[in-house]
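Inspection log for the structure reproduced underneath, given as structure tokens.
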Amino acid sequence: MSKDNAANCMLADRQNERDYREIAIDRVGIKDLLYPIAVRDLSQVIQHTVARVEMTVDLPHHYKGTHMSRFVEILHSHGREIQADQLFPIVHSLRTRLDASAAHLILDFPYFIEKKAPVTESRGLVDYGVTFVVTHEDGRDDFVLKIRVPLTTLCPCSKAISAYGAHNQRGYVTVAIRSRATVWIEELVKWVESCGSAEVFSLLKRADEKRVTELAYDHPVFVEDLVRNVALKLNSEPRVTAYQIEAENIESIHNHSAYALVKKAWY
């Protein structure tokens with residue numbers, strides 16, 4: 001045995017000591033770890049991005065602590081880049097290596113979609129916040145896809161009462177779904193974007209800006225309209241089994257945001 005290994009064998013392992021407070025911990029682990037991830041898009045092209053990682057397990061009441069180093073070891077053992085087909089194997093490894101009954105993996109990352117401007121068809125990338133929530137608990141696997149989509153929203157009340165113009169703002173819709181079959185990120189983004197006053201683009205020429213502005217004016221929506229419109233879209237999609245929809249309008253003439261939430265079969 002090498003000197004280093006011999007020294008490690010003699011080091012105290014406080015985590016394995018017994019705890020006598022008899023309080024189990026629901027989740028313990030690491031978060032805010034940056035790690036590369038590869039995500040396949042709707043056209044079967046791999047997009048390489050960087051995820052902010054959270055990895056946790058439950059801890060029985062008789063254990064003093066968990067082994068934090070093992071979380072990173074497990075993640076790295078599955079490759080230098082997280083692959084979508086390794087999400088559940090990572091969670092299963094967490095549960096086994098850390099002697100836990102529940103394990104959780106949360107990956108939060110920017111995902112880019114190329115969009116064409118409505119008139120000139122100028123191309124630009126728009127970033128969307130995407131989260132994968134992967135869980136093994138009570139003997140079953142669970143996967144949640146969550147996205148955050150920016151939109152333009154125009155106030156119906158402002159349009160109705162104003163002699164000219166109407167106030168508008170950027171809004172955000174955050175949707176989390178469970179599904180019985182794959183729902184692509186691009187599909188979910190498209191459903192949400194169709195429910196606002198107008199889409200958000202990274203590159204607009206004057207003709208495009210005119211079109212988007214007029215489109216928003218012709219399609220005013222309250223924050224309540226947003227969540228209801230998205231809910232109707234998801235209700236019509238047989239792959240989606242459960243959802244939670246949140247909408248927030250960053251008000252342009254108030255010092256607060258408008259907010260609404262609707263959910264179906266969510267737990």
Side-chain angles (χ1 to χ4, degrees), residues 13 15-16 18-19 22-41 46-47 49-111 129-148 174-185 187-188 234 237-246 263-267:
D13 187 357
Q15 288 92 338
N16 274 339
R18 185 171 183 84
D19 195 278
E22 296 188 351
I23 297 176
I25 296 177
D26 296 311
R27 296 195 184 195
V28 59
I30 65 171
K31 63 187 303 184
D32 287 335
L33 172 70
L34 295 180
Y35 208 85
I37 182 173
V39 183
R40 190 180 303 277
D41 66 21
I46 296 294
Q47 182 172 143
T49 182
V50 177
R52 192 171 295 276
V53 180
E54 178 179 321
M55 306 170 75
T56 58
V57 295
D58 67 321
L59 187 70
H61 69 87
H62 54 276
Y63 282 126
K64 189 172 186 63
T66 191
H67 291 82
M68 296 294 182
S69 63
R70 292 182 186 175
F71 291 92
V72 180
E73 285 180 344
I74 291 166
L75 187 62
H76 194 265
S77 71
H78 287 269
R80 293 174 58 87
E81 187 176 54
I82 300 170
Q83 307 289 330
D85 62 359
Q86 291 297 303
L87 298 181
F88 283 115
I90 291 171
V91 169
H92 295 163
S93 295
L94 280 175
R95 186 186 63 82
T96 302
R97 285 281 309 279
L98 292 159
D99 193 22
S101 60
H104 313 270
L105 172 66
I106 301 176
L107 306 172
D108 189 18
F109 56 92
Y111 185 84
V130 177
T131 305
F132 292 163
V133 182
V134 189
T135 300
H136 180 85
E137 190 169 9
D138 297 327
R140 67 180 184 88
D141 292 332
D142 183 51
F143 175 78
V144 170
L145 169 63
K146 183 178 179 180
I147 65 168
R148 185 171 187 259
T174 302
V175 180
I177 66 166
R178 290 184 173 91
S179 60
R180 59 173 53 93
T182 299
V183 173
W184 297 94
I185 296 170
E187 290 182 296
L188 194 50
L234 298 182
E237 174 49 60
R239 286 172 292 172
V240 177
T241 58
Y243 58 71
Q244 178 171 289
I245 306 161
E246 297 174 87
K263 55 187 176 181
K264 173 187 173 183
W266 200 256
Y267 57 85

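Just the heavy atoms: all of them, side chains too, but no hydrogens, waters or symmetry mates, feed the values below.
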Glu81 versus Tyr35, closest heavy-atom pair with distance: N-CE2, 4.2 Å
Non-hydrogen side-chain atoms of Leu145 and Ile185 separated by less than 4.5 Å: yes
Test: Arg40 cationic atom under 6.0 Å from Trp184 six-membered ring centre, within 45° of axis: no
Min side-chain heavy-atom separation Glu137-Asp142 under 4.5 Å: no
Heavy-atom check, side chain of Tyr111 versus side chain of Thr49, under 4.5 Å: no
Val134/Ile90 under side chain to side chain contact (heavy atoms under 4.5 Å, CB included): CA gap, chis, key distance, verdict: CA-CA 9 Å; Val134 189; Ile90 291 171; over 6 Å; no
Arg180 side chain vs Pro238 backbone, donor-acceptor pair below 3.5 Å: yes
Heavy-atom check, side chain of Arg95 versus side chain of Val57, under 4.5 Å: no
Approximate separation, where rounding is to 0.5 Å, of Ile177 CD1 and Lys264 NZ: 11.5 Å
Min side-chain heavy-atom separation Tyr243-Leu188 under 4.5 Å: no
Side chain to side chain, Arg97 and Glu73, heavy atoms closer than 4.5 Å: yes
Closest non-hydrogen atom pair, Ala265 against Ala242: O-CB, 3.4 Å
With Arg239, the side chain to side chain contact (heavy atoms under 4.5 Å, CB included) member among Leu234, Thr182, Val183: Val183
Nearest-0.5 Å distance, CE of residue Met68 to CE of residue Met55: 12.0 Å
Nearest non-hydrogen partners of Leu94 and Ala103, listed with the distance: CB-CB, 3.8 Å
Criterion side chain to side chain contact (heavy atoms under 4.5 Å, CB included) on Arg52 and Leu34, from CA distance to verdict: CA-CA 5 Å; Arg52 192 171 295 276; Leu34 295 180; 3.8 Å; yes
Pairwise side-chain contact, His92 with Asp141, heavy-atom cut-off 4.5 Å (strictly under): yes
Atom NZ of Lys146 with >12 non-hydrogen neighbours under 6.0 angstrom: no
Flag, side chain of Thr241 to backbone of Arg178, donor-acceptor distance under 3.5 Å: yes
Name of the residue among Leu87, Leu105, Ile106 meeting side chain to side chain contact (heavy atoms under 4.5 Å, CB included) with Val133: Ile106
Contact summary for Gln47 and Pro110, nearest pair of heavy atoms: OE1-O, 4.3 Å
Side chain to side chain contact (heavy atoms under 4.5 Å, CB included) between Leu98 and Phe71, intermediate numbers included: CA-CA 9 Å; Leu98 292 159; Phe71 291 92; 3.5 Å; yes
Validation row: Val39, Phe109 side chains within 4.5 angstrom (heavy atoms): yes
